[in-house]
Amino acid sequence: MTPRMGDSGGGPMVDRREMLTWGIVAPVLASGPYGALAAVPEGLDALVVDSRLADAGLSALAARRTYTIDGDVTALWYNTLDTLWRKPGFVLGGITGTDALFVLERLAFDCGRRAVSRTELRPADRFGVAAASWVIAPVHPSVVKA
Amino acid sequence: MAVLPPDMNAATFSQMLEELRGAVGADWLWSSDEDLGPYRDSFSPVWDTAEERHASAAIAPADVPQVQAIVRIAGKYKVPLFPISTGKNYGYGGPSPNVNGSVVLDLKRLNQVLEVDDKRHFALVEPGVSYFDLYRHIQERGLKVMVDCPDPGWGSPIGNSLERGIGYTMPQFRDHFGASCGMEVVLPNGELMRTGMGALPGSRTWQEYRYGFGPDPAGLFAQGNFGIVTKMGFRLMPLPEYYRTGLITVPRRRDFVKLVEHVNYLSDSSMCGEAVYGSPLQRLMGDPQFLALATKLGGPSDADMDAAAERAGLPSWQVDLQFFGPEATTSANWDYAKARILSDIPGAKAIDGDHFPLPATEEQLLNKTQPYQTGIRRYGALGVPSLGIWRIVGDNGHVGFFPILPRSGEAVFEMQRVLGDALKEFPLRPFFNATTAPLYWHTYAFQMVFAPSVKHDDPAHNAIVHQAMKKVVAVAAEHGWGDYRAAPIYQDHVADTYSFNHHALRRFHEQLKDAVDPDGIIAPGRGGVWPKRFRK
Ligand SMILES: Cc1cc2nc3c(=O)[nH]c(=O)nc-3n(C[C@H](O)[C@H](O)[C@H](O)COP(=O)(O)OP(=O)(O)OC[C@H]3O[C@@H](n4cnc5c(N)ncnc54)[C@H](O)[C@@H]3O)c2cc1C
């Protein structure tokens, strides 16, 4: 048996049809500090929420088509993104610590993706970790959807 | 475009980029500041200063012939290439080059696991294969081998081993370059070479006998700049049937000397995996009185440290031991370790740890089943790649100095004292103090760690870190301790310390470099080796 690397909270491999549609989160995210997420015209395919930030509104969203992490992106990467990011498309939004964002951005870069927007939600704590909302989208021709 | 390659004007640079585009396709060459951002070293203490090293472009070939074409174009234009495999060398320079204006040769698209054999226990991979990729390949096929993973798991067997990186399982596998077996290299003239048995056409032992016949140049490519590695073999541990842990504590400070000797014996006899040393007294470091004692100039006396330990009811040292193999041998090895150490060190205690068949369950990987607090991180210990180590990264990252020291308690005490005193002038946390334990990663040597954080928004702090790094390299060398690996900005400093017989080693490396790569096409300056063109 392959040991799974923790549960990313999003259940097993994501089926694209099950992914987040913009309408579900828009009411919560459209205003305030999450505005940048709402500005993505084509919508997000999924949202990553960092449980360390413990935002009540977001925790409610975390029930289904979001991925919850506790700062560690191992399971999200191994079980989900590593496969999805090999294919064209897939816009990922997130509300996470900047440490997790750094790791995701670096992984995204290898897959032709980039953080196309980021908004600081909370300044850095004493470990230098701030909170940010962000959108990672495909930018390289090999993964931009035709 | 902020920087140009050395000795090149903008027009020639554009012409060269055009030729490079012709070799790989326009989509796989980047030269805008935005595209090159991820090739900066975000952990650099010289971030955003004049000392930071920048690439002029980055290129990602799809296969070995494209790598060869790039090398030939680089040769024509005399432009330095800086090859990276997965480019995650954070703490040691990230993906950024030694020379400003180099073209980063990003090998991420060469990402095939070419072979994993779980009967003869080896893998053959390309540079873009990460530890996650190799692990997935093994898991999906149910192969009975264990990969020795460094942290974080996004690195690559080739990139990591070419830095002489380390992992956490059995001694002969933790030294990743030491566990390598056979490589394919594109040389500075664009030619393809194979080392060891790979040089013998038709051989089927490339990953089983690393030497072949005659001199083996494989070592030149680790921390070196003599070629671009396009394939590399690695020995793998057969998946052990069983895993077991145990903890030994010793009461007095000096007991550490004997403890280390015993563990050296166990390790060199292949009886245990990584031994994780620690001092339970570390938890007293929050107490200002104890902090003052543990960081006392000239070091505290054994008697004072023993008195502090006794007052706190804590042992002075502990070692987490790990055993791999059939259940019966893990049990016998642990019993032997206990008997050997407890009979020799008065007051030593042993606590049975966890034990279970492999592969581990998720609970076991998360280390929820250990009956005591442990320094072992199970993912690493059991060869499962992870990014969880990121939780130890503070601020914008860190830079690392990991000096090599003898595997003896006395050497540990000496390094604690000497480097602790040397770094006192810097307002950084006391990495070296009387509770600092050695790291047992490399097969036959200890290391200790100095890894101060960097802050992008605090150049004054970074300047302190930069100064401290240079000082600690120099002071360590005065005592015979050398760094095992360094970021490009420190490679000359470190190479300078390996100076036996008027730098005979460096002069030999330079002669070789001048002979095979006089124009410095491959990573000039890496490992402190500069070709004539770049020597002042
Ligand atoms: C929190 C943290 C924990 C860490 N823990 C560990 C650890 O446990 N063990 C450890 O070893 N390291 C550790 N590191 C350091 C580093 O992250 C790893 O060593 C990492 O594997 C190196 O990056 P990479 O594998 O992507 O190699 P790369 O960055 O691809 O390569 C490293 C260097 O090797 C050379 N090189 C790479 N590929 C080639 C090639 N094909 N041909 C010629 N030269 C080449 C280049 O000079 C390159 O800069 C840690 C870092 C952090 C931040």
Side-chain angles (χ1 to χ4, degrees), chain A residues 1-8 13 48 50-52 69-83 85-86 88 96-116 118 120 123-130 136 138-144, chain B residues 25-28 30 34-35 37-39 42-43 60 86-88 90 94-95 106 108-109 111 128 130 132-133 135-136 138-142 152-154 358-366 378-379 382 384-398 453-458:
Chain A
M1 246 305 280
T2 306
R4 279 179 67 84
M5 300 213 199
D7 186 24
S8 59
M13 289 298 297
V48 181
D50 191 332
S51 62
R52 293 174 303 171
I69 60 165
D70 61 0
D72 178 1
V73 304
T74 306
L76 176 63
W77 168 249
Y78 187 78
N79 298 331
T80 305
L81 296 180
D82 188 15
T83 313
W85 280 357
R86 287 172 198 259
T96 68
T98 45
D99 50 353
L101 172 58
F102 177 85
V103 177
L104 284 171
E105 266 191 287
R106 200 57 192 78
L107 291 163
F109 168 70
D110 291 335
C111 305
R113 289 143 206 281
R114 182 180 299 155
V116 291
R118 99 184 51 214
E120 186 170 299
D125 61 16
R126 70 193 169 93
F127 303 108
V129 179
I136 290 176
V139 291
H140 190 265
S142 62
V143 284
V144 169
Chain B
D27 289 347
W28 300 103
W30 303 276
E34 191 182 22
D35 284 333
Y39 292 105
S42 59
F43 279 36
T86 35
K88 309 290 193 304
Y90 294 109
D106 187 340
K108 66 183 169 191
R109 295 172 71 206
N111 58 4
S130 71
F132 280 114
D133 295 334
Y135 177 79
R136 192 188 294 283
I138 289 167
Q139 296 306 312
E140 285 178 354
R141 288 159 184 79
W154 62 6
L358 293 175
T361 64
E362 195 177 314
E363 271 243 301
Q364 289 160 343
L365 275 177
L366 291 170
R378 282 277 174 75
Y379 278 88
L382 298 179
V384 182
S386 158
L387 298 163
I389 192 71
W390 216 260
R391 62 172 57 100
I392 70 161
V393 177
D395 300 321
N396 293 109
H398 55 255
S453 75
V454 302
K455 303 177 186 185
H456 289 179
D457 59 359
D458 192 347

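Basis for what follows: all heavy atoms, side chains included, without hydrogens, waters or symmetry-related copies. Each chain gets a letter, A, B and so on, in the order the sequences are listed, and its residues count up from 1.
Neither the backbone nor the side chain of S130(B) comes within contact range of chain A; no heavy atom of the residue lies under 4.5 Å from a heavy atom of that chain. With a 4.5 angstrom heavy-atom cutoff, V103(A) touches chain B via backbone and side-chain atoms both.
In this structure the side chain of W28(B) reaches within 4.5 angstrom of the side chain of S142(A), judged on heavy atoms. W390(B) is not listed as a side-chain neighbour of V73(A), based on a closest heavy-atom distance of 4.5 Å or more.
Interface check for chain A: of the options E363(B), Q364(B), E34(B), R109(B), the most heavy-atom pairs under 4.5 Å are formed by E34(B).
For the atom pair I389(B) CD1 and T74(A) OG1, the distance stands at 10.5 Å (nearest 0.5 Å). Taken from NE2 in H140(A) to CG in D35(B), the straight-line distance is 8.5 Å, to the nearest 0.5 Å. Expressed to the nearest 0.5 Å, how far CG of D99(A) lies from CG of N396(B) amounts to 11.0 Å. In this structure, NZ in K108(B) is found 4.5 Å from CZ in F109(A), a value given to the nearest 0.5 Å.
Listed by chain and number, the residues in a side-chain hydrogen bond (donor to acceptor under 3.5 Å, both in side chains) with K88(B) are D110(A) (sequence neighbours excluded). In this structure D82(A) satisfies the side-chain contact (heavy atoms from CB on, under 4.5 Å) test together with W77(A), R86(A), D133(B), R136(B), sequence neighbours excluded.
Relative ring orientation between F132(B) and Y78(A) is described as tilted, the plane-to-plane angle lying within the 30° to 60° band.
Closest approach of P95(B) to R106(A), counting heavy atoms only: CG-NH2, 4.0 Å.
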